[in-house]
Engineer: 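Please read through the structure below; I'll follow up with questions.
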There are 2 protein chains.
Amino acid sequence: MNEEAVDIPCELQEETGFAYTLSRVSGKYKMIILYSLTGATPVVRFNELKRRLGKISFRTLSLTLKELESDGLIIRKEYPQIPPKVEYSLSQRGQSLIPVLDMMCEWGNIHSNDPLN
Amino acid sequence: MNEEAVDIPCELQEETGFAYTLSRVSGKYKMIILYSLTGATPVVRFNELKRRLGKISFRTLSLTLKELESDGLIIRKEYPQIPPKVEYSLSQRGQSLIPVLDMMCEWGNIHSNDPLN
DNA sequence: CGGAATCCTCTAAGATACTG
DNA sequence: CAGTATCTTAGAGGATTCCG
């Protein structure tokens with residue numbers, strides 16, 4: 001997992017926030033995690049999240065959630081009880097990405113049936 | 001480079017086109033390549049594209065462009081002359097991604113200055 | 001239950017050299 | 001100029017085990 005921004009030449013990097021956005025959402029599972037915190041059940045526990053994501057490993061899910069949290073995109077709420085309970089949800093900053101995620105989803109819905117796949 | 005869609009469990013995969021979109025735009029340089037074909041100079045030659053992208057290697061740029069072309073997102077126009085000349089541009093399908101790309105860029109512009117980076 | 005720690009695999013991407 | 005062909009490598013991600 002890369003904490004640094006992708007290295008982009010000046011012309012693109014200085015003029016746009018594109019590289020910044022990419023640095024926060026790129027990674028095999030980041031966007032799909034954010035997306036799965038959208039919708040009807042926006043507060044999800046660790047194992048439920050893992051179940052939703054399918055084949056992701058404990059390790060990768062854990063690391064990715066930490067990154068998303070330290071980037072301020074999700075909120076981790078821990079209940080000090082036994083057995084432990086931790087809930088993840090989108091922060092306000094994370095919620096501001098929802099329009100982008102929705103748009104990507106819609107693009108896929110439209111174009112996955114194009115003659116040219 | 002992966003030709004197959006990311007493996008997503010049924011609940012997410014069947015209901016949404018999100019996984020489909022991800023499978024077409026994920027990769028270290030795909031989105032930034034698409035984005036760099038947006039804007040003032042939307043028809044770009046191979047080496048100029050390489051220059052714009054900075055540190056990408058010949059090999060990676062070549063492979064990525066092939067994938068984008070076979071996914072119908074960009075158009076490759078070859079001029080049979082010596083020295084060779086090849087121009088890349090967004091297809092209609094690729095242009096339909098511009099709103100998503102613009103939104104991502106704008107999100108970065110807004111949030112790269114947040115107190116929480 | 002929700003992880004952390006350890007070790008390991010695999011592939012996307014890089015470096016370099018060459019060519020029509 | 002616009003690529004291929006080889007070979008190499010980093011590091012993201014997986015599998016397994018252990019813990020409070």
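Quick caveat: nothing in here was measured; it's all calculated off a predicted structure. So you know, we letter chains A, B, ... as the sequences are listed, proteins then strands, and number each from 1.
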Engineer: CZ of B/Arg59 versus P of D/dT4: gap in Å, rounded?
Structural biologist: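 From B/Arg59 CZ to D/dT4 P: 11 Å.
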
Engineer: Whole angstrom is fine here: how far is it from CG in A/Leu61 over to P in D/dA12?
Structural biologist: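 That distance rounds to 16 Å.
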
Engineer: Output yes when at least one side-chain N/O atom of A/Ser57 is less than 4.0 Å from OP1 or OP2 of D/dG14, else no.
Structural biologist: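 Checking D/dG14 against A/Ser57, a side-chain N or O does come within under 4.0 Å of OP1 or OP2.
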
Engineer: Output yes when at least one side-chain N/O atom of A/Asn47 is less than 4.0 Å from OP1 or OP2 of C/dG2, else no.
Structural biologist: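 Yes, A/Asn47 has a side-chain N/O under 4.0 Å of OP1/OP2 on C/dG2.
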
Engineer: Can you check whether A/Arg51 has a side-chain N or O nearer than 4.0 Å to OP1 or OP2 of C/dG2?
Structural biologist: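 No, outside the criterion.
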
Engineer: Need one value for A/Lys50: base, sugar-phosphate or nothing, where a base atom within 4.0 Å counts as base even if backbone is also close, heavy atoms only.
Structural biologist: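 The answer is nothing, as A/Lys50 stays clear of every strand by at least 4.0 Å.
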
Engineer: Over all strands shown, is A/Tyr79 touching base, sugar-phosphate only, or nothing at heavy-atom distances under 4.0 angstrom?
Structural biologist: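 A/Tyr79: no heavy atom of the nucleic acid under 4.0 Å.
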
Engineer: Side chain of A/Ile56 only, heavy atoms from C-beta on: which candidate in C/dG3, D/dG14, D/dT4 is closest?
Structural biologist: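 Nucleotide nearest to A/Ile56's side chain: D/dG14.
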
Engineer: Side chain of A/Tyr29 only, please: which of D/dA2, D/dG3, D/dG13 is the nearest?
Structural biologist: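 Selected nucleotide: D/dG13.
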
Engineer: So, does A/Ser62 get its side chain near the phosphate of C/dA4, meaning an N or O under 4.0 Å from OP1 or OP2?
Structural biologist: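 For A/Ser62, the contact criterion (side-chain N or O under 4.0 Å from OP1 or OP2 of C/dA4) is met.
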
Engineer: Rounding to a whole Å, what distance do you find between B/Glu78:CD and D/dA2:P?
Structural biologist: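 Taking CD of B/Glu78 and P of D/dA2, I get 10 Å after rounding.
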
Engineer: Which class fits the ring pair A/Tyr88 and A/Phe46: parallel under 30°, tilted 30 to 60°, perpendicular over 60°?
Structural biologist: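 Aromatic pair A/Tyr88/A/Phe46 classed tilted.
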
Engineer: Whole-Å distance between D/dA12 P and A/Lys28 NZ?
Structural biologist: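 So the two atoms are 13 Å apart, to the nearest Å.
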
Engineer: Rounded to the nearest angstrom, tell me the gap between atom CG in A/Leu63 and atom P in D/dA15.
Structural biologist: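 Roughly 15 Å, once rounded to whole Å.
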
Engineer: Output the rounded distance in Å from CD (A/Glu67) to C1' (D/dG13).
Structural biologist: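 The distance from CD of A/Glu67 to C1' of D/dG13 comes to 12 Å, rounded to the nearest Å.
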
Engineer: Starting at the 5' end of DNA chain D, which residue's closest nucleotide do you reach first, A/Pro84 or A/Phe58?
Structural biologist: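 That would be A/Phe58.
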
Engineer: How long is the span from the CZ atom in A/Phe18 to the CG atom in B/Leu34, to the nearest 0.5 Å?
Structural biologist: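 CG of B/Leu34 is found 8.0 Å from CZ of A/Phe18.
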
Engineer: Out of curiosity, B/Ile98 CD1 to B/Met103 CE, how far, rounded to the nearest 0.5 Å?
Structural biologist: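 Between atom CD1 of B/Ile98 and atom CE of B/Met103 there are 15.0 Å.
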
Engineer: Please round to the nearest 0.5 Å and tell me the distance separating atom OG1 of B/Thr64 and atom CG of B/Leu49.
Structural biologist: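 So the gap between those two atoms works out to 10.0 Å.
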
Engineer: Hey, what do you get for CD1 (B/Ile56) to OG (B/Ser62), rounding to the nearest 0.5 Å?
Structural biologist: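 Here the rounded value is 9.5 Å.
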
Engineer: Could you tell me how far apart A/Arg45 (CZ) and C/dG2 (C1') are, to the nearest whole angstrom?
Structural biologist: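 One finds 9 Å between C1' of C/dG2 and CZ of A/Arg45, rounded.
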
Engineer: Check the distance between D/dA2's C1' and B/Ile74's CD1 and give it to me in whole angstrom.
Structural biologist: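 From B/Ile74 CD1 to D/dA2 C1': 14 Å.
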
